[in-house]
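Numbers restart at 1 for each chain; the letters A, B, ... are given by sequence-line order, proteins then strands.
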Amino acid sequence: MTGYPANSILVLVDVSLSGQLRSGAAELIGAAASVGSAVALALAPVGNAERLGSELAALGASQVLIAEPQELASSVVMPTVDALAAAAAAVAPEAVLTANSIRGRDAAARFAARSGSALALDAVGISRDEEGIIAHHSVYGGAYLVDSAASTDALVITLRQGSSELRAEAQPSNVQQLPVAASGAPDATITAYRETAAASSRPELRGADIVVSGGRGLGSGENFSLVEGLADALGGAIGASRAAVDAGYVPQTMQVGQTGVTVAPQLYIALGISGAIQHRAGMQTSKTIIAINKDPDAPIFDIADFGVVGDIFTVVPQLVAAIEAKRG
Amino acid sequence: MKVIVLMKEVPDTYGERTLDLETGLLNRSASEPVLDEITERALEVALSHREKDANTEVILLTVGPDGTLPATLRKGLAMGADRAVHVQDSALLGADLTLTAQVIAAAAKHIGFDLIIAGNASTDGGGGALPSMLTELLGVAGLASLSTVAIDELTVSGGCNTEFDSYEASIDLPGVISVTEALPDARFPNFKGIMAAKKKPFETLDLAQLGIILDEETARSIVISAAQRPARNAGIRIEDAGDAGDQIAEFLAQNQLIKGRSA
């Protein structure tokens, strides 16, 4: 093993069971490289190490560790926790960074519990002061900004997906296998599995630059085509309010807000959404907010940069046509 | 089967939630305390199982300050839980996740369990990590963020939809699961349940009784600053006079938000 710099940040990147790097690696490595030397850890099926090493180096990882556990396809999380423990022991990082995804959070939480490390969840950025790594959080729907740090030892941080625009410069490829001793701790056994990403040509809601959301004002699931049309004209992702989800117009995975996805895109367009506090909590840190609603008293207008009191069924088609015309 | 359900008191999301800017802690007195909805759904999973297996005991477990919590927890007893355990100690003020998980793990061992059910993430902290930490600390199997659950005598199975994939998985008991809001709404307590709740056992424990000694050397997550973000101001607002769509397109173009066709 080669040595690791004292300012190493260990980054867990997500790889599919077929060995493909999933979205989010560039963001994690970019954030890590902004405060130290990014050491990427990937769990992958045998035969992908060299290619993944080059891909991760291109994203800015100065060193890449590949673990190839046998139980990758049948175990939910334990191989990842064991690999994190082995990598942390080898690297002695200043911080450990994962995505704040369901699996990333599960792995980070278990690793923190096993290693007795402090845990900082759902960070929207990281930085460094003279005492070490600091995690920045956006709390209660962005109403508060809170910074946290570990009292001692490495801080384990999960980074909100799509929250950081930092990207790192490519590094020379430097990949090695990471030997991992399986802990043998109990784990769940996977009995059925399906990849669900990339089913749509539209961007994912999390991390999208542009989000168009629909609410109760759409009136039906069929009418959601209005939202889709505008999203496609802008190259954006589709979201929904809880009211639209509860009414059965769209699946729960599209829900933006308190109990759904939190987004902070460059542009957020709310169609027929009143803007209940729970919805605003999931989108109010968007850079630019546009709202169209029939009700002039809808609270969404209080935070909109551009609000239109009008009928979405006449305004949106005109808007789509105008966008098409401007784009040429 | 002995089922522990983790309950959490949170500020009602229908009100404004505030942080104490001196400490970075939740300002508890500023909002109405309620049981977190997701923990009520977790309780519903346990109560539904008890309807099928009469030998099931459902125990509520919570950690938090005295004050409103005992009254809030009564709702869970009124819904049908058999008894409640409240861990309360002034040394827990400002406890981070690591300490909270240690305390819950010690309390779960103290009570004894076959299955622990939690909500996947609360509406206030929203971390979504505690069930996973608890699983690791207890050295049992776990399944996080389940959108379907099937419980039988020796195993629990369920489905999970992540950002990239979905899977079905199972664990052998004892174990820990967390559930999402895809699971059914909780039942409402009826009058009979509310009356019965007053007589149900309610145990209060402190850290000494759980054998927990706080170690100053342990790594903790600490708040180093907290600030309020300036309120967002309303911008332009127009009534549609027949050209609102064109005006929005113009606004988007001025702000470079319309991408080229190939971009």
Side-chain angles (χ1 to χ4, degrees), chain A residues 22 76 101-103 105-106 109-110 113-114 116-122 140 142-153 185-197 235 252 258-259 267 278 284 288 290 301-310 315 318-319 322-323 326-327, chain B residues 13 17 19 24 96-98 101 123 126-129 132-133 135-137 139-145 162-171 181-182 218-229 232 234-240 244-246 248-249 251 253 255 257-261:
Chain A
R22 282 171 171 157
V76 173
S101 59
I102 287 177
R103 285 188 187 239
R105 209 159 51 214
D106 195 12
R110 287 181 186 233
R114 187 184 291 186
S117 311
L119 181 58
L121 291 155
D122 198 23
Y140 290 157
Y144 293 88
L145 302 168
V146 176
D147 292 348
S148 74
S151 58
T152 60
D153 302 330
D187 195 9
T189 307
I190 292 181
T191 53
Y193 183 86
R194 184 164 59 90
E195 287 275 334
T196 51
Q252 204 269 329
Q258 181 90 67
T259 49
L267 172 64
Q278 293 81 3
Q284 66 184 357
T288 300
I290 294 179
F301 288 127
D302 296 341
I303 59 164
D305 299 288
F306 194 108
V308 171
V309 181
V315 176
Q318 186 183 53
L319 170 58
I323 290 167
K326 283 189 186 296
R327 216 171 44 174
Chain B
T13 56
R17 301 170 298 169
L19 286 187
D96 72 346
L97 270 166
T98 313
T123 55
S132 302
M133 299 179 91
T135 310
E136 185 74 29
L137 292 175
V140 296
L143 273 172
S145 295
T162 79
E163 294 82 352
F164 298 105
D165 53 18
S166 59
Y167 56 82
E168 300 274 329
S170 70
I171 55 170
E181 62 176 9
T218 311
R220 299 288 174 214
S221 166
I222 49 175
V223 173
I224 53 178
S225 81
Q228 194 157 10
R229 190 194 295 267
R232 203 177 171 111
I236 311 160
R237 193 167 96 179
I238 59 164
E239 299 265 348
D240 180 21
D246 293 330
I248 296 172
F251 178 85
N255 289 281
L257 289 163
I258 298 177
K259 296 180 200 167
R261 196 170 287 278

Out of [options], which one racks up the most heavy-atom pairs below 4.5 Å with chain A?
options                        : answer
B:A129, B:S145, B:G139, B:A249 : B:A249
B:A253, B:A101, B:A182, B:G142 : B:G142
B:R220, B:E239, B:R17          : B:R17
B:L137, B:I222, B:T98, B:T162  : B:I222

Q | From CZ (A:R110) to CZ (A:R105), nearest 0.5 Å | A |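 That separation rounds to 13.0 Å.
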Q) Could you state the interatomic distance from CG (A:L119) to CE (B:M133), rounded to the nearest 0.5 Å? A)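 Between atom CG of A:L119 and atom CE of B:M133 there are 5.0 Å.
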For chain B, which candidate among [options] shows the most heavy-atom pairs at distances under 4.5 Å?
options                        : answer
A:A149, A:A185, A:A322         : A:A149
A:L145, A:T191, A:T288         : A:L145
A:G310, A:G116, A:A192         : A:A192
A:D187, A:I290, A:D122, A:D305 : A:D305
A:T189, A:I190, A:T152, A:L267 : A:T189

Q. Would a 4.5 Å heavy-atom cut-off, applied to side chains only, mark A:R194 and B:D165 as touching?
A.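 With C-beta onward as the side chain, the pair stays apart.
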Q. Do B:D246 and B:I248 have side chains that get closer than 4.5 Å, going by heavy atoms?
A.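 The answer is no; the side chains never approach within 4.5 Å.
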**Q.** Pair B:R237 + A:D302, salt bridge at N-O below 4.0 Å
**A.**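 No salt bridge links B:R237 with A:D302.
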(Q) Can you tell whether the side chains of A:R22 and A:E195 come within less than 4.0 Å, N to carboxylate O? (A)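 Yes.
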Chain A heavy atoms under 4.5 Å from [X]: which part of the residue, side chain, backbone, both or neither?
X      : answer
B:S225 : both
B:V223 : both
B:E181 : side chain
B:L19  : both

(Q) Testing the basics here: between B:A234 and A:F301, what is the closest heavy-atom pair and its distance to 0.1 Å? (A)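 B:A234 and A:F301 have their closest heavy atoms at CB-O, 3.4 Å.
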Q: Using the test side-chain contact (heavy atoms from CB on, under 4.5 Å), find all partners of A:A188 that sit at least two apart in sequence or belong to another chain.
A: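 Partners of A:A188 under the side-chain contact (heavy atoms from CB on, under 4.5 Å) test: A:V76, B:L143, B:A169, B:I171.
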Q: List in chain and number order the residues that pass side-chain contact (heavy atoms from CB on, under 4.5 Å) with B:A144, two or more places apart in sequence or in another chain; answer none if no residue qualifies.
A: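 Counting only residues at least two positions away or on another chain, B:A144 forms a side-chain contact (heavy atoms from CB on, under 4.5 Å) with A:D106, B:S132, B:S178.
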Tell me, side chain or backbone of [X] under 4.5 Å from chain B's heavy atoms, or both, or neither?
X      : result
A:A150 : both
A:L121 : side chain
A:S117 : backbone

Q. Should the pair A:F306 and B:F251 be assigned to parallel (<30°), tilted (30 to 60°) or perpendicular (>60°) ring geometry?
A.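 A:F306 vs B:F251 ring planes: tilted.
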